[in-house]
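When a residue number appears, it is its place in the shown sequence, counting from 1. What you see below is based on every heavy atom in this structure, not just the backbone, and it leaves out hydrogens, waters and symmetry mates.
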Amino acid sequence: MLGEIHDVMHEFPELEGKIDEMRASNSAFAELMDSYDTLDAKVRKLEELGTPVADETIEELKKERLLLKDRLYDLLRT
């Protein structure tokens with residue numbers, strides 16, 4: 001759906017404390033979070049503004065976002 005919230009805090013509210021802790025103490029995790037947040041903002045902007053973009057492009061961005069979210073979740077579970 002257009003404009004859905006996909007930020008990590010929204011996706012994993014039960015892990016908010018751990019997310020904050022890891023973001024502050026783990027630079028690799030913080031970099032992944034920053035990359036995820038940037039990509040999520042880009043996807044949302046393209047969707048909300050109705051910017052003309054090829055379906056394949058938006059789908060690739062969403063796949064990349066999902067892969068980043070999976071990597072973050074794996075780090076949060078360890």
Side-chain angles (χ1 to χ4, degrees):
M1 288 184 84
L2 297 181
E4 279 188 29
I5 299 172
H6 289 281
D7 67 85
V8 175
M9 293 289 203
H10 182 81
E11 295 286 328
F12 309 118
E14 71 282 2
L15 297 173
E16 183 175 353
K18 188 161 187 181
I19 291 167
D20 290 337
E21 176 187 318
M22 286 186 69
R23 195 168 204 165
S25 65
N26 183 324
S27 62
F29 182 83
E31 286 180 31
L32 279 175
M33 283 287 294
D34 290 343
S35 295
Y36 180 88
D37 290 343
T38 300
L39 185 56
D40 184 49
K42 182 176 183 177
V43 169
R44 290 184 71 204
K45 184 177 178 182
L46 288 171
E47 289 179 334
E48 290 172 355
L49 295 179
T51 305
V53 62
D55 289 341
E56 296 83 14
T57 301
I58 196 78
E59 289 305 314
E60 285 301 316
L61 292 172
K62 287 180 178 182
K63 286 177 187 176
E64 185 179 342
R65 180 178 64 185
L66 182 59
L67 290 173
L68 280 173
K69 183 167 52 174
D70 287 346
R71 287 175 61 196
L72 289 165
Y73 185 69
D74 285 342
L75 290 171
L76 288 165
R77 292 187 324 158
T78 58

Does Lys18 have more than 12 heavy atoms from other residues, nucleotides or ligands lying within 6.0 Å of its NZ? yes

Shortest non-hydrogen pair, Leu39 vs Arg65, comes out as CD2-N, 3.3 Å

Any Tyr73 side-chain heavy atom under 4.5 Å of Val8 side chain: no

Hey, what do you get for CG (Asp55) to CD (Glu60), rounding to the nearest 0.5 Å? 12.0 Å

Using a 4.5 Å cut-off on heavy atoms from C-beta on, say whether the side chain of Arg23 contacts that of Asp34. yes

Given the rule that I, L, V, M, F, W and Y join up when any side-chain heavy atoms are under 4.5 Å apart, are Leu75 and Leu67 in one cluster? no

pair Phe12-Lys69: side-chain heavy atoms closer than 4.5 Å: yes

Could Asp74 and Arg77 be called an ion pair, given the rule that one side-chain N must be under 4.0 Å from one carboxylate O? yes

NZ of Lys62 to CG of Leu66, rounded to nearest 0.5 Å, is 11.0 Å

How many angstroms lie between CG in Leu61 and CG in Asp40, if you round to the nearest 0.5 Å? 11.0 Å

How many angstroms lie between CZ in Arg44 and CG in Asp7, if you round to the nearest 0.5 Å? 7.5 Å

Quick check for you: to the nearest 0.5 Å, what is the distance between Met33 atom CE and Ile19 atom CD1? 5.5 Å

Are the charged groups of Glu64 and Lys42 less than 4.0 angstrom apart, N to O? no

Rounded to the nearest 0.5 angstrom, the CE-CG distance for Met22 and Leu32 is 9.5 Å

